[in-house]
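Okay, structure first, notes after.
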Amino acid sequence: QVQLVESGGGLVQPGGSLRLSCTASITLDYYAIAWFRQAPGKEREGVSCINSDDSGTFYEDFVKGRFTISRDKAKNTVYLQMNSAKPTDTAVYYCAIPLYPATYCPSSMALTKFGTWGQGIQVTVSS
């Protein structure tokens with residue numbers, strides 16, 4: 001069974017930076033990878049997605065210009081670089097693989113389009 005593992009979370013001050021990592025028990029080369037987040041009392045929402053061949057990256061409006069998704073195939077890791085962090089970015093962050101076809105990001109970040117999830121990592125933006 002595929003396992004995704006997030007790391008790199010923690011406490012960051014407003015305006016600061018943090019880099020999340022997502023790695024797996026399998027090679028991620030053939031999969032699109034997305035990042036989601038879930039704040040307390042709120043529904044899980046999509047944040048960003050990267051195609052398997054890095055041909056496209058996608059961001060929700062609320063992180064555009066602040067977050068960057070990238071992939072290091074040598075390390076079998078997908079990153080989410082969070083810059084200019086805001087308190088509203090406080091959430092548990094998850095990485096996920098789409099359902100078939102798993103190579104490209106779906107047209108929407110609906111939860112039902114993703115079938116494999118990590119356990120999540122807490123990010124807290126606070127002074």
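Between Tyr79 and Asp72, some side-chain heavy-atom pair lies under the 4.5 Å cut-off. When side chains are defined from C-beta on, Val123 does not count as touching Asp89, because their heavy atoms never get closer than 4.5 Å. Here the side chains of Thr103 and Asn51 are not in contact, with every heavy-atom distance at 4.5 Å or above. Residues Pro14 and Ser126 form no side-chain contact, since every pair of their non-hydrogen atoms from C-beta on lies 4.5 Å or further apart. Residues Arg44 and Leu111 are in side-chain contact: their nearest non-hydrogen atoms beyond the backbone lie under 4.5 Å apart. For the pair Gln119/Gln3, no side-chain contact is recorded, criterion being any heavy-atom separation below 4.5 Å from C-beta on.
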Problem - side chain to side chain donor-acceptor pair (under 3.5 Å) between Ser17 and Asn83, intermediate numbers included - result: CA-CA 4 Å; Ser17 298; Asn83 297 331; 2.9 Å; yes

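Cluster annotation: Phe114 is not connected to Leu80 through the hydrophobic network of ILVMFWY side chains, with a link wherever side-chain heavy atoms come within less than 4.5 Å. Residues Val78 and Ile26 fall within the same hydrophobic cluster, defined by Ile, Leu, Val, Met, Phe, Trp and Tyr side chains chained together at heavy-atom separations under 4.5 Å. Placement of Val5 and Tyr30 in two distinct hydrophobic clusters is found when ILVMFWY residues are connected by side-chain heavy-atom separations under 4.5 Å, directly or transitively. Placement of Tyr31 and Leu99 in two distinct hydrophobic clusters is found when ILVMFWY residues are connected by side-chain heavy-atom separations under 4.5 Å, directly or transitively.
Expressed to the nearest 0.5 Å, how far OG1 of Thr57 lies from CZ of Phe67 amounts to 14.5 Å. Note: Thr116 OG1 to Leu4 CG = 6.0 Å, rounded to the nearest 0.5 Å. Interatomic distance, Asp29 CG to Ser52 OG, rounded to the nearest 0.5 Å: 9.0 Å.
Between Lys64 and Asp61 a salt bridge is recorded (basic side-chain N to carboxylate O distance below 4.0 Å).
Take Glu45 and apply the salt bridge (Lys or Arg N to Asp or Glu O under 4.0 Å) test, not counting sequence neighbours, and it matches Arg37. Listed by chain and residue number, nothing satisfies the salt bridge (Lys or Arg N to Asp or Glu O under 4.0 Å) test with Lys42 (two or more places apart in sequence, or in another chain). Listed by chain and residue number, nothing satisfies the salt bridge (Lys or Arg N to Asp or Glu O under 4.0 Å) test with Arg19 (two or more places apart in sequence, or in another chain). Take Arg71 and apply the salt bridge (Lys or Arg N to Asp or Glu O under 4.0 Å) test, not counting sequence neighbours, and it matches Asp54. The side chain to side chain contact (heavy atoms under 4.5 Å, CB included) search around Lys113 returns Pro106, Ser107, Ser108, Ala110, not counting sequence neighbours.
Pairs passing the ring pair (Phe, Tyr, Trp, His ring centres under 6.0 Å) check and including a residue from residues 82-102, sequence neighbours excluded, do not occur.
Taking both residues in full, the closest heavy atoms of Ala39 and Thr90 are given as CB-O, 3.6 Å, listed atom of the first, atom of the second, then distance. Summarising the geometry of Gly46 relative to Met109, their closest heavy-atom pair is CA-CE, 3.6 Å, with the distance given to 0.1 Å. Of all heavy-atom pairs between Ala102 and Ile97, the closest is CB-CG2, 4.2 Å. The shortest non-hydrogen separation linking Tyr104 to Pro98 is O-CG, 4.0 Å. The nearest pair of heavy atoms linking Ile121 to Ser7 is CD1-CA, 4.1 Å. Shown here for Thr77 and Ser21, the closest heavy-atom pair between the two residues is CG2-CB, 3.8 Å.
Asp53 places a side-chain N or O within donor-acceptor distance of the main-chain N or O of Ser55, the cut-off being under 3.5 Å. Between the side chain of Asn76 and the backbone N or O of Lys73, no donor-acceptor pair lies under 3.5 Å. Judged purely by atom type and a 3.5 angstrom limit, Glu6 uses its side chain to pair as donor or acceptor with the backbone of Cys95. Tyr59 places a side-chain N or O within 3.5 Å of a backbone atom of Ile69 that can act as its donor or acceptor partner. Of the possible polar contacts, none joining the Glu43 side chain to the Gln38 backbone as a donor-acceptor pair under 3.5 Å is found. A donor-acceptor pair under 3.5 Å is absent between the side-chain atoms of Thr68 and the main chain of Gln81, judged by distance alone. When atom types are taken as modelled, the side chain of Ser48 and the backbone of Phe58 share a donor-acceptor pair closer than 3.5 angstrom.
Taking the six-membered ring wherever Trp is involved, the centroid distance between the rings of Trp117 and Phe36 falls below 6.0 Å.
More than 12 heavy atoms of other residues, nucleotides or ligands lie within 6.0 Å of CZ in Phe62, so this atom counts as buried by the packing criterion.
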